[in-house]
Amino acid sequence: MLLLTFISSISSVAAVSSLAGVNIAGFDFGADITGTANLTNVNPPLTTLGGSDGAGQMTHFFKQDGLNVFRLPVSWQFLINSNILLGGRAGNGAMSPSMTMPTPPTTGTAQRPPKGNFVNALDAKNVVKYDQLVQACLSTGAKCIIDIHNYARFNNELIGQGGPTNAQFADLWAQIATVYKAEPNIIFGLMNEPHNIPDMSIWADTVQAAVTAIRQAGATTQMVLLPGNNFTSAQTFVSNGSAGNLSRVHNLDGSNTSLIFDVHKYLDSDNSGTHTECTSNHIADTFMPLAMFLKANNRMAFLTETGGGNTASCLTDFCNTLTFINANPDTYLGYVGWAAGGFSPSTYNLTMTPIGSSGNFTDQPIVAQCLVGTRNGRGIASFKKRSISR
């Protein structure tokens, strides 16, 4: 039986979640909730590619702030450099002559299989561009989440349910896993924010196909993040059947080791992450009930998108939320704030992009006080510990 325990004090948090960090956005720009991607809007967060200094940001967050995970969103279309999927119902299965397999990024990654093994081969130029961000992340020593930012869709067609087949989705992940199977700090984020999924049992089969492809490619130990319905909302993850259906996804040996539930939650009035003001910390209606489910079922969740504006309401509510996550490391692996990278440090509503330049960055208040402050005791949250225990 679970007993809820509330402890309020002004002392430092006694325990913290194992992972905390920031989304480094830019390769996902142009992608929308229909799974459509305008590739001309991609804005790589790399100075070498004419963008913002995502590499410098990650170095700052890691060295100065002690953050240790970065999520790197990218669209499926960008990785194959095409808005058309070949094979299955989306095309005739012919290989595009321009789709050649790139050279493996760096020492420690495996050779890729011949391109003929894959219908929708990763595009040489674009994968090397994205890999620059991945390597910049890995070079810090942090965990790095490869996030396919397509909302369970490709051009408004639902994966496994009338759109791209499970085999096409598995094909994508087999290629990615083949490249990064030797990198223990890579985390595979299967899909950003699925929504309006009519059949969660079928979606679980789609997720299983990707997990199986990753494990069969040789990435047998890295974490894989399992996303649910309703934009993988933490608030409805159990009630909408996501948790139950995804609980049957397993590794090749039948275990669920390193298979982590992927959840998101924003604190504004409609959970959209578009408003600067927060209206609740959602501990009582979201994070506590989910933690109870996780503890009862011996599972873990990872809050890979969350955030708020640099406003008084969010500095209170968001800090409270992260304090709760930090106080329950046996159920929550951690959190990743949205977002830095290609976002403006001054005009984006939920900006976590540091001000300044590499070597002289200053954190946004929401980063300093909440993302970082709740881990080192310098946050302004009214609750410094609020935990769930048996």
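Computation of the quantities below employed the complete heavy-atom set of this structure, encompassing side-chain atoms and omitting hydrogens, waters and symmetry-equivalent molecules.
- Under 3.5 Å, the side chains of Asp171 and Gln175 contain a donor-acceptor pair of N or O atoms.
- Cysteines Cys314 and Cys278 have SG atoms closer than 2.5 angstrom.
- For the residue pair Ser313/Glu277, the side-chain donor-acceptor check at 3.5 Å is satisfied.
- In the model, Thr374 has a side-chain atom that pairs as donor or acceptor with a side-chain atom of Asn326 under 3.5 Å.
- A distance of 4.5 Å separates CZ in Phe188 from CD in Gln222, rounded to the nearest 0.5 Å.
- Using modelled atom types, one finds no donor on one side chain facing an acceptor on the other under 3.5 Å when comparing Arg299 with Thr331.
- Under 3.5 Å, the side chains of Tyr180 and Asp131 contain a donor-acceptor pair of N or O atoms.
- For Trp338 and His149, the ring centers sit closer than 6.0 Å to each other.
- Between Phe154 and Trp76, the angle of the ring planes goes over 60°, which puts this pair in the perpendicular group of the 30/60° scheme.
- Judged by distance alone, the side chains of Glu305 and Tyr266 do bring a donor and an acceptor atom under 3.5 Å apart.
- No side-chain donor-acceptor contact under 3.5 Å links Thr321 and Asn281.
- Using a distance-only test at 3.5 Å, with no hydrogens or angles considered, no donor-acceptor pair links the side chain of Ser75 to the main chain of Ala31.
- Asp363 and His60 form a side-chain donor-acceptor contact under 3.5 Å, judged by distance and modelled atom types alone.
- Ring-centre distance between Tyr332 and Phe261: not below the 6.0 Å cut-off.
- Using modelled atom types and a 3.5 Å distance limit, the side chains of Asp53 and Thr47 yield no donor-acceptor pair.
- Between Phe343 and Tyr348, the ring planes are parallel. Angles under 30° get that label, and only those over 60° would be called perpendicular.
- Counted by atom type alone, Ser201 and Asp205 present zero donor-acceptor pairs between their side chains at under 3.5 Å.
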